[in-house]
Amino acid sequence: MSIRLYNTLTRRKEEFLPLDPRNVRMYVCGPTVYDYAHIGNARPVIVFDVLFRLLRHAFGAPYVTYVRNITDVDDKINARAAEMAAAQGVSVEAARADLTAKTAAQFEADVAALGCLSPTLSPRATQHIADMVAMIEALIAAGHAYAAEGHVLYDVASKPDYGKLAKRSPDEMMAGARVEVAPYKRGPMDFVLWKPSDDTQPGWDSPWGRGRPGWHIECSAMGGRLLGESFDIHGGGVDLTFPHHENEIAQSEGAHGGHAPARYWLHNGFLQVEGEKMSKSLGNFLTINELLKDWPGEALRFNMLKTHYRQPLDWTVKDLRVAVKTLDSWYKLIGDVEARPENAGAYFLSYKLSDTLADDLNIPAAMPQFHYMAAVLSEKTPAEAELAEFKTAANFLGLLTHTASDWFAAKKQAVSLDEGDIRQAIEARNAARKAKDFAEADRIRDELLAKGIVLKDSPKETTWEVKR
RNA sequence: GGCCACGUGGCGGAGUGGUUACGCAACGGUCUGCAAAACCGUGUACUCCGGUUCAAUUCCGGACGUGGCCUCCA
């Protein structure tokens with residue numbers, strides 16, 4: 001099986017050839033834990049989860065390592081912790097520990113609800129301060145960094161190919177720069193590796209005094225420590241291309257004798273909400289947690305997968321309804337059949353679906369395959385094995401992971417009406433129908449419909465569903 | 001201002017140098033007391049202007065539009 005991935009470094013689709021097929025390694029930038037993760041944060045998590053699954057399928061689960069970090073040292077965290085400390089009368093230190101632990105746990109619960117597998121490793125930045133300090137020392141020794149006024153800065157001028165990922169030269173960037181340059185910087189593009197901390201800020205002892213790391217160094221240090229100097233894939237959102245990933249490359253290559261940290265750099269596109277940029281001021285800031293109160297995690301996931309990962313994605317309620325509707329129909333089809341992951345060699349999964357995904361993770365192109373198969377299975381009385389194959393294939397994308405019984409039961413729970421009341425209404429309506437009082441029968445049905453209940457008459461009985 | 005993406009039918013969304021993607025919605029039909037569901041059938045597209053070509057939605061150039069980055073935001 002040949003996997004092709006679009007590499008930001010070369011701006012081309014390339015065949016994916018791991019350095020070592022018995023040790024395939026991927027690093028994805030994870031969240032900074034200071035607040036609930038929003039739906040935009042969920043995109044890379046879901047996208048790279050599918051890639052993780054594909055790699056496990058292609059190379060064998062034991063031979064794929066996926067690292068997604070948790071950034072728990074950051075000035076946004078410090079600011080939030082200071083607010084909390086003032087409000088709750090606890091120490092900043094305690095507030096910070098509480099904030100990062102709770103937010104990280106919340107993030108992990110949220111993305112689990114979105115059907116994401118746990119990464120192989122989820123390192124915390126604060127667990128790797130020593131690795132960062134060592135890396136900074138290596139950068140200084142190699143002539144790529146310098147200390148100044150308690151800071152350590154990366155000397156961009158020492159790296160002639162700086163800008164190769166973002167495809168822009170320092171000169172070009174300077175042309176539009178409106179930022180005031182700190183006086184201790186040698187070059188205006190130089191970025192911070194280490195900065196001094198005051199008493200209210202978290203700090204660690206270092207050769208340059210008590211301080212804390214800059215933003216970019218943690219990913220370089222953790223990637224290098226956990227995956228080695230060179231690994232296969234590095235992923236994240238497009239907005240991280242510059243400066244974050246560009247700086248990671250500069251740091252890792254500078255500290256590792258020029259060895260590139262990753263060979264394939266993958267970036268997912270941005271997400272908008274109802275056609276607008278998501279922002280708190282517009283009031284369209286959607287957290288995963290809030291969305292999960294209104295929608296099944298699987299529907300959120302389906303909606304995220306509707307668009308190719310590199311394309312911009314417009315997140316709308318309208319599309320979410322379609323997602324639910326599609327999943328409803330598929331659950332109706334498969335019922336409570338069990339998946340058969342051991343039958344991964346089945347035609348659909350092993351050839352059609354995985355080949356489609358292998359083309360730069362073209363998940364939207366795989367959807368017609370599901371629709372087609374669902375249509376074929378609907379036309380006849382499908383064998384259980386066929387339904388199991390359908391479910392197994394959907395499971396590959398992290399979809400249809402429940403039984404139909406559980407799926408529809410969960411939907412019914414979301415209704416404000418008591419189930420007994422609904423049954424009573426149905427009986428009253430059926431009595432009216434028997435008496436040919438269709439006006440009354442329609443009145444009852446409309447009344448339930450107004451409350452989101454759809455009735456379905458069959459020759460035998462009347463059942464109900466939740467309308468979304 | 002500089003750099004980088006993207007622009008497909010009512011909506012969402014793949015793809016391709018010449019043949020129906022697909023889904024939702026809409027419309028018609030079967031079924032139904034009426035519906036819902038299901039099934040069958042139908043229609044509509046490639047932002048604009050140039051260029052290359054026998055042929056471009058697909059390649060090249062430009063315009064316009066949208067988004068991202070250039071200030072630690074996925």
S.K.: Side chains of A:Asn78 and A:Tyr34 only: does a donor on one sit below 3.5 Å from an acceptor on the other?
M.R.: no
S.K.: Encode nucleotides 57-64 of chain B as B, S and - characters from 5' to 3', where the letter depends on protein heavy atoms closer than 4.0 Å: B to the base, S only to sugar-phosphate, - to neither.
M.R.: --------
S.K.: Does one side chain, of A:Glu218 or A:Asn69, offer a donor that lies under 3.5 Å from an acceptor on the other?
M.R.: yes
S.K.: Pick base, sugar-phosphate or nothing for A:Lys195, based on heavy-atom distances below 4.0 Å to the nucleic acid.
M.R.: base
S.K.: Considering only atom P, compute the distance from B:U42 to B:G23 and round it to an integer number of Å.
M.R.: 13 Å
S.K.: Suppose we screen for side chain to side chain contact (heavy atoms under 4.5 Å, CB included). Which residues come up paired with A:Gln424, at least two apart in sequence or across chains?
M.R.: A:Asp421
S.K.: Tell me which nucleotide among B:A74, B:G23, B:C3 gets nearest to the side chain of A:His371.
M.R.: B:G23
S.K.: Protein within reach of the bases, or only the backbone? For nucleotides 6-17 of chain B, mark each nucleotide 5' to 3' as B, S or -, using heavy atoms under 4.0 Å.
M.R.: S----SSSSS--
S.K.: Taking the side chain of A:Pro368 as heavy atoms from C-beta outward, which of B:A5, B:A21, B:C24 is closest to it?
M.R.: B:A21
S.K.: Does the structure place the NZ or CZ of A:Arg186 under 6.0 Å from the centre of the six-membered ring of A:Tyr146, at an angle of no more than 45° from the ring's axis?
M.R.: yes
S.K.: When you check the gap from the basic side-chain N to the acidic O, do A:Arg96 and A:Asp74 get nearer than 4.0 Å?
M.R.: no
S.K.: Who passes side-chain hydrogen bond (donor to acceptor under 3.5 Å, both in side chains) against A:Thr126, sequence neighbours left out?
M.R.: A:Asp72
S.K.: Counting any heavy atom closer than 4.0 Å, what does A:Pro243 reach on the DNA or RNA strands: base, sugar-phosphate only, or nothing?
M.R.: sugar-phosphate
S.K.: Less than 4.0 Å between a side-chain N and a carboxylate O, is that true for A:Lys456 and A:Glu465?
M.R.: yes
S.K.: Taking only Lys NZ, Arg NE, NH1 and NH2, and the carboxylate oxygens of Asp or Glu, determine whether A:Lys325 and A:Asp328 approach each other closer than 4.0 Å.
M.R.: no
S.K.: Both distances under 3.5 Å, Watson-Crick or G-U wobble: on that basis, could you give the dot-bracket string for RNA chain B, with [ ] for crossing pairs and | for other-strand partners?
M.R.: (((((((..(((.....[...))).(((((.......)))))....(((((..]....))))))))))))....
S.K.: With a 4.0 Å cut-off on N to O distance, would you call A:Arg443 and A:Asp446 a salt bridge?
M.R.: no
S.K.: Strictly under 4.0 angstrom, non-hydrogen atoms only: write out the protein contact profile of nucleotides 28-46 of chain B, one letter per nucleotide from the 5' end, B, S or -.
M.R.: -----BBBB--SS------
